[in-house]
Amino acid sequence: MTFDFDKLTTRRGSGSVKWDAQPDAEVLPLWVADMDFEAAPCIRRAIEERARHGVFGYVQMPEAYYDAVRNWFSRRHHWDIDRSHMLYTIGVVPAISCCIKALTMPGERVLVTSPVYNCFYSCIHNNGCEVAESPLRINASGMYEMDWDEFERQCANEKTRLFLLCNPHNPGGRIWSVDELRRISTICQRHDVWVVSDEIHNELVMPGNHYTPYYTVTTDLDHSVALTSASKSFNIAGLQLASIVCANHDARRRIDRAININEVCDVNPFGVVATIAAYSDEGAEWLDGLNRYVQQNYELVRQFADRHPQFTLMPLEGTYLAWLNVSPLCQHLGINVEQLEQRLISEAKIYFNAGTHYGTAGEGFLRINMACQHSILTEALQRFDRFIAQQ
């Protein structure tokens, strides 16, 4: 089946956070992580059929949902999820918050490898915990890698209770290898640290790369939680549904209690049918086409970086997020990257994310959301070209 990812759909004026956050209609938004592509036809058909029912009350989760999730991960990622280990909630971010509430006490430390998804920080603070950071290093290949000595030092701190793993990594685009995941598991097990693995970007994998679920690698299932959702990969985040997988019965009970305490237990009926449809053969075909299209967009960003050799583009393994080091431009202008973000909005009419939204280690970087039509990305990069030429 052929899918038209070049089709332009007007999102401005639709209540879109991405497109309507900026009042200036000339600004091209390539910031918050949602896509400008219409959802897969199988998802739209499922939603339309559910809408025809006409009644949209509280949801009792059907077994078809659990079957769809389990079958998808089994055949696509060789992860056989135990049905009894599954919980659900309205999204991965609420799931993270519930895990922190259930598995830590206020004042304990939650470890992240920075730069990392900005909501990790807010979830930690909102649950009364302290952020502990183990900054990632850039290796000879220009990609992020763990600083294993620092990671172990942070895990060994007696106050460190939980590690939030981002796999694939947002914003750096790394897909952690089996060896790296095993080493994370070994270190965390040695220091009695829980691992909560946010795997929301798991289906956004560039051709030639391979995502491995943390649960298929760790030998310490009793101290591990995995969070998944079709929302990011299939552009259905507004339908609000995510799965939590936890093998530890007592921890799962506490997480379930936290879901109810936080009142994030009632999900959207459209999210249920959309997820079931997404995790189908047609959904898989659409997803594979999407990943090929995003890879082509990454090539456009790489060509832009080639035109500006003072910048460094991080190689992309997963996600649809380009991570671009523009430190020389910031230094030339005498500003930080957050100030650059604002100048690009006001002067170039393009909205990228400043890297410092993801921790201080993101200074000098821009995060560019490439999940848009080639024409939109090309125009945005041309505007960036002109801005640079004018400085």
Side-chain angles (χ1 to χ4, degrees), residues 66 69-87 92 95-96 98-100 102-105 108-113 116 120 129 132-134 136-137 144-169 174-203 205 209-229 242-256 258 317-318:
Y66 298 103
V69 174
R70 295 175 65 235
N71 290 338
W72 175 270
F73 280 94
S74 178
R75 67 178 182 268
R76 196 169 177 95
H77 302 298
H78 309 292
W79 180 15
D80 295 321
I81 301 173
D82 188 319
R83 162 68 178 83
S84 68
H85 295 171
M86 296 177 67
L87 301 169
V92 164
I96 292 170
C98 290
C99 288
I100 295 173
L103 302 175
T104 70
M105 294 291 289
E108 292 184 322
R109 301 165 88 242
V110 176
L111 177 61
V112 300
T113 47
V116 75
F120 280 15
C129 291
E133 291 186 288
S134 176
L136 297 170
R137 302 186 301 195
Y144 280 132
E145 66 178 12
M146 300 284 287
D147 181 337
W148 295 110
D149 290 340
E150 177 62 15
F151 181 74
E152 178 137 23
R153 190 180 74 83
Q154 293 292 343
C155 286
N157 186 301
E158 63 181 11
K159 290 181 65 178
T160 301
R161 179 63 175 163
L162 186 149
F163 168 52
L164 286 179
L165 170 64
C166 195
N167 179 39
H169 181 264
R174 271 300 315 275
I175 298 177
W176 303 110
S177 70
V178 170
D179 287 344
E180 287 169 317
L181 294 174
R182 284 176 178 158
R183 194 165 181 180
I184 289 168
S185 175
T186 298
I187 292 172
C188 288
Q189 186 173 0
R190 181 156 55 235
H191 299 289
D192 195 27
V193 172
W194 279 86
V195 177
V196 175
S197 185
D198 171 4
E199 304 190 359
I200 195 170
H201 290 272
N202 66 303
E203 303 302 342
V205 176
N209 293 280
H210 178 71
Y211 146 80
T212 300
Y214 179 76
Y215 244 63
T216 65
V217 170
T218 181
T219 58
D220 188 19
L221 291 179
D222 267 347
H223 291 85
S224 304
V225 183
L227 313 177
T228 72
S229 176
S243 293
I244 301 171
V245 181
C246 179
N248 183 309
H249 178 270
D250 182 60
R252 190 169 63 252
R253 179 189 58 78
R254 284 183 279 144
I255 293 169
D256 190 33
E317 295 179 333

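Every value quoted in this text rests on a predicted model; they were computed, and no experiment measured them. The figures that follow rest on heavy atoms only: side chains count, while hydrogens, waters and symmetry mates do not.
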Practice prompt. List for me each residue that meets ring pair (Phe, Tyr, Trp, His ring centres under 6.0 Å) alongside Y211, sequence neighbours excluded, and say none if there are none.
Written response: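 Applying ring pair (Phe, Tyr, Trp, His ring centres under 6.0 Å) to Y211 gives H77.
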Beyond-backbone contact of [X] with [Y], side-chain heavy atoms, under 4.5 angstrom:
{"X": "H210", "Y": "I175", "result": "no"}
{"X": "Y214", "Y": "S185", "result": "yes"}
{"X": "C188", "Y": "D220", "result": "no"}
{"X": "M146", "Y": "R183", "result": "no"}
{"X": "H78", "Y": "T216", "result": "no"}

Worksheet item: Short question: side chain of R161, backbone of T104 - any donor-acceptor pair under 3.5 Å?
Response: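 Checking the backbone N and O of T104 against the side chain of R161, no donor-acceptor pair under 3.5 Å is found.
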Discussion item. Given L181, which partner from the list N167, V195, T186 fulfils the side-chain contact (heavy atoms from CB on, under 4.5 Å) test?
Written reply: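 Only one of N167, V195, T186 forms a side-chain contact (heavy atoms from CB on, under 4.5 Å) with L181, namely N167.
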Worksheet item: Nearest 0.5 Å, what's the CH2-CG distance between W72 and N202?
Response: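 Going from CH2 on W72 over to CG on N202, the span is 9.0 Å.
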Discussion item. Once rounded to the nearest 0.5 Å, what's the spacing between atom OH of Y215 and atom NE2 of H85?
Written reply: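 Nearest 0.5 Å value for the OH-NE2 distance: 7.0 Å.
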Discussion item. Between D256 and R253 (salt bridge meaning N to carboxylate O under 4.0 Å), is one present in this structure?
Written reply: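 R253 and D256: not salt-bridged.
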Item to complete: Only counting residues at least two apart or in another chain, list the ones meeting side-chain hydrogen bond (donor to acceptor under 3.5 Å, both in side chains) with S74.
Response: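 Only D80 meet the side-chain hydrogen bond (donor to acceptor under 3.5 Å, both in side chains) criterion with S74.
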Practice prompt. Kindly write out the residues that satisfy salt bridge (charged side-chain N to carboxylate O under 4.0 Å, His left out) with E180, not counting sequence neighbours, or none if the list is empty.
Written response: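 E180 satisfies salt bridge (charged side-chain N to carboxylate O under 4.0 Å, His left out) with R174 only.
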